[in-house]
A.B. asks: 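Here it is, the structure in full.
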Amino acid sequence: METIGRRALISGAGAAAVLAATGGCASAQGKWPERPVRFVVPLAPGGAIDFVARQCGEVMSRQIGQQVIVENRTGAGGTIGMDTVMKSDPDGYTILIGNDNAAAAPHILKLPHDYTKVLLPVIDIGHQPLVLGVHPSLGVNSIEEYLAYARRNPGLGFASSGVGSNQHVLGAWLARETGIRLDHVPYRGAGQAVNDLVAGHVKSALLGPTALIPHHLAGTIKIIGQSSERRAPTLPDIPTLQEGGVKGVALEAWYAAFAPPGTPPALIAEINAAIGKSLTDPRLREAFTKGIMEPIGGPPERLDQLARADSAKYERLVRELEIRVGG
């Protein structure tokens, strides 16, 4: 919750400008890539991060002429995979494909370091909102009706993919801002949570949209809200929580690439250009749309600003909402 390449990858004025400003540091190290590149995914196969890594990796392999290997290094809430990259050689051959857990985990797990300040930002790959899904037997069809039901039935359960997840944080934040009491029902991943929601064992869930959309379209569950500031272009018909009267509550999941500390700026620019080029591939964009993922791209600085801002947000929310593992 694996691999990349050089010369022809330096496309675009942004990458060229960085190379010029740094005096061609990458050139001094030889051609990149001369061998396979490893994408480290800190969570298990089948999730959104894994989806992003494999889609980008497949396209990049064709574009750079080297294999991109996706390696799932799971455990400890995603920190094993992030630590693996943090301790890897800064040579451009080990890249983290992670998510906003890089901003949240340090505060939830009380880690001695903040990944958003230690790992080097490469590129913001994609965004998607979290969604509020309900079982039809609950009899609600909107955010307003959900809140009214929760007020009449304190302790309504909501499923998430785990304690300390962004979904857990969002549920606690939603409950506090609306004055309702929701009981958190954590699962070890989204798969079982979705299965239990569809079966009616849990009546509501805050999860990523990719796994819920097929069931929403089939009518076996209803998606009644999304968590982003504005309606995601991939979910134009689903209202935001703020549209449903939950003012000030917005949380968006993002997926991004980070490099080990010490990676030269010119090499960061090459990797940014390579991943950015993959995001323009029509088949990748079609797959992202089907997965309710909005491709983003842009310079490393854009990701740096986003990650650091979210780290500050999660630090505040984790403290105020008393989110902790095991409690």
Side-chain angles (χ1 to χ4, degrees), residues 4-6 8-22 25-26 32 37 39 41 48-49 51-60 63-64 68 82 85 92 95-104 114-129 166 228-235 250-261 263-289 291-314:
I4 316 179
R6 171 177 148 83
L9 299 178
I10 307 176
S11 60
V18 174
L19 284 169
T22 56
C25 297
W32 178 93
V37 178
F39 278 177
V41 172
I49 307 177
F51 165 80
V52 166
R54 293 181 189 279
Q55 290 293 327
C56 289
E58 180 181 347
V59 176
M60 280 182 57
Q63 292 176 343
I64 66 177
V68 176
M82 290 188 282
V85 175
I95 302 298
L96 174 73
I97 304 298
N99 66 349
D100 48 308
N101 189 43
D114 184 338
Y115 293 111
T116 67
K117 297 175 182 177
V118 177
L119 293 168
L120 298 183
V122 176
I123 190 168
D124 186 0
I125 297 175
H127 291 185
Q128 64 177 188
N166 53 10
S228 50
E229 287 275 2
R230 303 171 186 82
R231 295 190 188 192
T234 48
L235 288 175
L251 200 63
E252 190 169 50
W254 46 262
Y255 302 87
F258 292 88
T263 304
L267 188 51
I268 293 283
E270 291 193 68
I271 302 167
N272 172 281
I275 298 177
K277 184 178 179 182
S278 76
L279 294 176
T280 67
D281 181 83
R283 284 179 291 181
L284 180 144
R285 296 180 74 87
E286 181 181 2
F288 268 35
T289 297
I292 318 301
M293 183 78 62
E294 180 186 4
I296 302 295
E301 293 77 15
R302 174 176 182 162
L303 172 58
D304 189 44
Q305 292 173 1
L306 170 66
R308 288 175 181 256
D310 262 18
S311 177
K313 173 188 274 189
Y314 276 112

A.B. asks: From Leu267 CG over to Asn272 CG, what is the distance, rounded to the nearest 0.5 angstrom?
C.D. replies: 11.5 Å
A.B. asks: To the nearest 0.5 Å, what is the distance between CD1 (Ile275) and OG1 (Thr280)?
C.D. replies: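 Output value for this atom pair is 12.5 Å.
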A.B. asks: Could you check Asp100, Leu306, Thr116 and say which one makes a side-chain contact (heavy atoms from CB on, under 4.5 Å) with Ser311?
C.D. replies: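 With Ser311 as partner, Asp100, Leu306, Thr116 yield a single side-chain contact (heavy atoms from CB on, under 4.5 Å), made by Thr116.
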A.B. asks: Once you round to the nearest 0.5 Å, how far does CD of Glu286 lie from CG of Asp281?
C.D. replies: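 Here the interatomic distance stands at 10.0 Å.
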A.B. asks: Say you draw a straight line from CD1 of Ile123 to CD1 of Ile268; how long is it, rounded to the nearest 0.5 Å?
C.D. replies: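 These two atoms lie 11.0 Å from each other.
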A.B. asks: Is any side-chain heavy atom of Val41 closer than 4.5 Å to a side-chain heavy atom of Arg54?
C.D. replies: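 No, every pair of side-chain atoms sits at 4.5 Å or beyond.
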A.B. asks: Just to verify, what does Tyr115 make a ring-ring contact (aromatic ring centres under 6.0 Å, His included) with, not counting sequence neighbours?
C.D. replies: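 So Tyr115 forms a ring-ring contact (aromatic ring centres under 6.0 Å, His included) with His113.
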A.B. asks: Strictly distance-based, threshold 3.5 Å: is any side-chain N or O of Thr289 a donor or acceptor partner for the main-chain N or O of Arg285?
C.D. replies: yes
A.B. asks: Who are the salt bridge (Lys or Arg N to Asp or Glu O under 4.0 Å) partners of Asp304, not counting sequence neighbours?
C.D. replies: Arg308
A.B. asks: ring-ring contact (aromatic ring centres under 6.0 Å, His included) with Phe288: which residues, sequence neighbours excluded?
C.D. replies: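 With neighbours one apart ignored, the set is Phe51.
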A.B. asks: I'd like to know if the side chain of Asn166 and the backbone of Asn101 have a donor-acceptor N/O pair within less than 3.5 Å.
C.D. replies: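 Not at all, since once roles are kept as given, no pair shorter than 3.5 Å links the two residues.
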A.B. asks: Passes side chain to side chain contact (heavy atoms under 4.5 Å, CB included), Trp254 versus Ile296? Steps please.
C.D. replies: CA-CA 9 Å; Trp254 46 262; Ile296 302 295; over 6 Å; no
A.B. asks: To the nearest 0.5 Å, what is the distance between OH on Tyr255 and CD1 on Ile97?
C.D. replies: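 CD1 of Ile97 is found 13.0 Å from OH of Tyr255.
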A.B. asks: Can you tell me how far CD1 of Ile292 sits from CD of Gln128, rounded to the nearest 0.5 angstrom?
C.D. replies: 8.0 Å
